[in-house]
Number of protein chains: 2
Amino acid sequence: MSKRYTIRELAEEFDVTTRALRFYEEKGLLQPARSKQTRTYSAADRTRLKLILRGKRLGLTLEESSDIIRMYDPEAGNRQQLETLLSKIRDKRAQLREQQKDLELMLLDLRDAEERCLQALATEPKRANG
Amino acid sequence: MSKRYTIRELAEEFDVTTRALRFYEEKGLLQPARSKQTRTYSAADRTRLKLILRGKRLGLTLEESSDIIRMYDPEAGNRQQLETLLSKIRDKRAQLREQQKDLELMLLDLRDAEERCLQALATEPKRANG
DNA sequence: ACTTACGTTTACGTAAACGTAAAGCAATTG
DNA sequence: CAATTGCTTTACGTTTACGTAAACGTAAGT
C-alpha cells in the first residue's frame with residue numbers, strides 16, 4: 001500500500017484549493033478513492049495533478065491537459081487507436097515546439113526592453129524630472 | 001503616411017474576428033484611428049496585435065500582454081518609474097524562463113509517450129484485437 | 001455533551017475573452 | 001432607387017475554471 005493523501009495535503013503541497021481538486025475530479029482528471037466518505041488520493045492522482053498544473057502554467061485548458069494525461073499510457077490495445085494516439089501525440093509535440101519559438105521570441109523582446117530600460121537609466125542619472 | 005489597415009484586413013490576416021479586435025480596443029490594447037467613423041489601424045496596432053496573439057499562445061491573459069507591450073518602450077522618464085519597469089521586465093523574464101522549463105519537461109514526457117506508443121505498435125503488429 | 005476542525009454536497013456567483021444576434025448608418029452596385 | 005455589403009454600436013449569451021456560501025456529517029479533544 002503506497003502513500004495516500006488527503007485532499008488538504010495535496011491542496012497545501014501544490015497551493016491549490018480543495019475546491020479546485022474536487023473540480024478536477026468532477027472533470028474526470030482525478031479519481032480519488034473514498035475511505036468512509038472521505039476522499040483519498042493515490043500517488044498517481046498526485047502525479048496527474050502535477051501534470052494538470054504544469055499544463056495550466058503553459059496555458060493549456062483542463063481538457064487539453066486531460067488529453068495529454070491520457071497520452072501517457074498506451075492502454076488502448078487496438079492498432080487503429082494506437083495510431084490515432086500517436087498522431088495526437090505528434091500534433092501536440094509540434095504545437096509545443098511552436099510555443100517554444102514564441103517563448104524565445106518574447107524572451108528576446110524582453111531582453112531588448114531591459115536593455116533600453118538600462119540605457120534610459122544611464123542617460124538620465126539622478127534627476128527628478130526630465 | 002505608412003500603411004493602414006481596415007478591421008477586416010487585420011482580422012483575416014491573423015485569423016481573428018472583428019469582434020475580437022474591437023474587444024482588444026475596448027480593453028485599451030489597440031488604438032485605431034477613425035477615418036469617417038470607420039476604424040483604421042496603424043502598423044503599430046498591427047504589431048501590438050501580433051504581440052497579443054503571441055501572448056495568448058503562451059497562455060498569457062490580455063492584461064499580461066498589455067503589461068508586456070507597455071514594457072517595450074521606456075516612455076516613462078522618471079527614474080523611479082524606470083526602475084519599477086526594469087523590475088517588472090525582469091520578473092516577467094524569470095517567469096518565462098520557468099515556463100521554458102515546464103515546456104521542455106512536457107516535451108520530454110511526450111517524447112516518451114511517443115516512444116511507448118511506437119513500442120506498443122511494434123509488439124502488436126497487425127491484429128484487430130489483443 | 002460541546003466545540004473545533006476537518007470533510008461532504010449543492011448551488012449560485014464571478015472574471016476573462018470573446019460569440020452572436022439585433023438594429024442602424026454609408027457606400028456601391030444592379 | 002432599392003438592395004446588398006460592410007461598417008458601426010448595444011447588449012445579452014457562453015465557456016472555462018474555479019470562488020464562495022450554506023447546510024450538514026464525523027472524529028478528536030476537553
Side-chain angles (χ1 to χ4, degrees), chain A residues 3-42 45-46 48-70 92 95 99 102 106, chain B residues 3-42 45-46 48-70 92 95 99 102 106:
Chain A
K3 192 157 190 348
R4 295 218 145 245
Y5 308 84
T6 72
I7 196 168
R8 189 146 300 274
E9 281 171 356
L10 272 193
E12 288 183 356
E13 177 176 359
F14 293 99
D15 196 29
V16 296
T17 64
T18 58
R19 174 69 178 94
L21 295 182
R22 294 194 191 97
F23 182 76
Y24 299 153
E25 176 182 354
E26 191 183 322
K27 293 293 167 180
L29 293 169
L30 301 179
Q31 287 131 358
R34 296 297 178 106
S35 98
K36 193 66 174 175
Q37 186 206 15
T38 294
R39 288 170 175 80
T40 152
Y41 295 83
S42 69
D45 285 313
R46 185 171 170 282
R48 268 178 251 133
L49 178 56
K50 253 202 258 190
L51 295 176
I52 293 167
L53 298 178
R54 193 168 74 188
K56 289 202 66 181
R57 288 194 298 271
L58 294 174
L60 305 193
T61 66
L62 289 185
E63 196 170 348
E64 286 172 317
S65 289
S66 185
D67 287 347
I68 289 184
I69 288 172
R70 272 194 296 275
K92 182 53 86 174
Q95 180 202 315
Q99 197 169 339
D102 279 327
M106 189 165 284
Chain B
K3 190 153 190 353
R4 294 219 146 246
Y5 308 84
T6 71
I7 196 169
R8 190 146 299 276
E9 282 171 356
L10 273 193
E12 288 182 357
E13 177 176 359
F14 292 100
D15 196 32
V16 297
T17 64
T18 59
R19 174 70 177 94
L21 295 182
R22 295 195 190 95
F23 182 76
Y24 297 154
E25 177 183 354
E26 192 182 321
K27 294 292 167 180
L29 293 170
L30 301 179
Q31 287 130 356
R34 294 298 177 103
S35 100
K36 195 66 172 175
Q37 187 205 16
T38 293
R39 288 171 175 80
T40 153
Y41 295 83
S42 69
D45 284 314
R46 185 170 169 283
R48 266 177 253 133
L49 178 55
K50 251 200 260 190
L51 295 175
I52 293 166
L53 298 178
R54 193 168 74 188
K56 289 202 65 181
R57 290 194 297 273
L58 294 174
L60 305 193
T61 66
L62 289 186
E63 196 169 347
E64 286 173 317
S65 289
S66 186
D67 287 347
I68 288 184
I69 289 172
R70 272 194 296 275
K92 182 53 85 173
Q95 181 202 316
Q99 196 169 339
D102 279 327
M106 189 167 284

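Chain identifiers are assigned alphabetically (A, B, ...) following the order of the sequence lines, protein sequences preceding nucleic acid strands; residue numbering begins at 1 within each chain. Fair warning: this is a prediction, and the values are worked out from it, not measured in the lab.
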Strictly distance-based, threshold 3.5 Å: is any side-chain N or O of [X] a donor or acceptor partner for the main-chain N or O of [Y]?
X	Y	result
B:Glu25	B:Arg39	no
B:Asp45	B:Ser42	yes
A:Gln99	A:Gly59	no

For A:Thr17 versus A:Ala11, what's the shortest heavy-atom pair and its separation?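 Where A:Thr17 meets A:Ala11 most closely, the heavy atoms are C-CB, 4.2 Å.
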Taking all atoms of both residues into account, what is the closest heavy-atom pair of B:Arg70 and B:Asp67, and its distance?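 Reported closest heavy-atom pair: NH2-OD1, 2.8 Å.
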Please report, rounded to the nearest Å, how far the [atom2] atom of [N] is from the [atom1] atom of [X].
X	N	atom1	atom2	result
A:Lys27	D:dA17	NZ	P	8 Å
A:Phe23	C:dT9	CZ	C1'	16 Å
B:Leu21	D:dT9	CG	P	13 Å
B:Glu25	D:dT10	CD	C1'	15 Å
A:Leu10	C:dC6	CG	C1'	16 Å
A:Glu26	C:dT9	CD	C1'	11 Å
A:Leu60	D:dC18	CG	P	13 Å

Between [options], which one does the side chain of [X] approach most closely?
X	options	result
B:Arg8	D:dT16, D:dT8, D:dC7	D:dC7
B:Lys36	D:dC7, C:dA27, C:dT8	C:dA27
A:Arg34	C:dC18, D:dA17, C:dT8	C:dT8

Let me know which of A:Val16, A:Leu29, A:Leu21 forms a side-chain contact (heavy atoms from CB on, under 4.5 Å) with A:Ile52. A:Leu29
Walking DNA chain C from its 5' end, the first of B:Gln37 and B:Ile52 to be reached, judged by nearest nucleotide, is B:Ile52
Residues, nucleotides or ligands: over 12 heavy atoms within 6.0 Å of A:Glu63 CD: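 No, not enclosed.
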Quick one: on DNA chain D, does B:Ile7 or A:Ala20 contact a more 5' nucleotide (nearest heavy atom)? B:Ile7
B:Thr40 vs A:Thr17, nearer the 5' end of DNA chain D by closest nucleotide: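 The 5'-side residue here is B:Thr40.
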Within the 4.0 Å heavy-atom criterion, would you say B:Lys56 contacts the bases, only the backbone, or no part of the nucleic acid? sugar-phosphate
Any side-chain N or O of [X] under 4.0 Å from OP1/OP2 of [N]?
X	N	value
A:Arg39	C:dT9	yes
B:Arg22	C:dG19	no
A:Tyr24	D:dC18	yes

Tabulate protein N/O versus nucleotide N/O from nucleotides 21-23 of chain D, keeping only pairs under 3.5 Å, one per line.
none

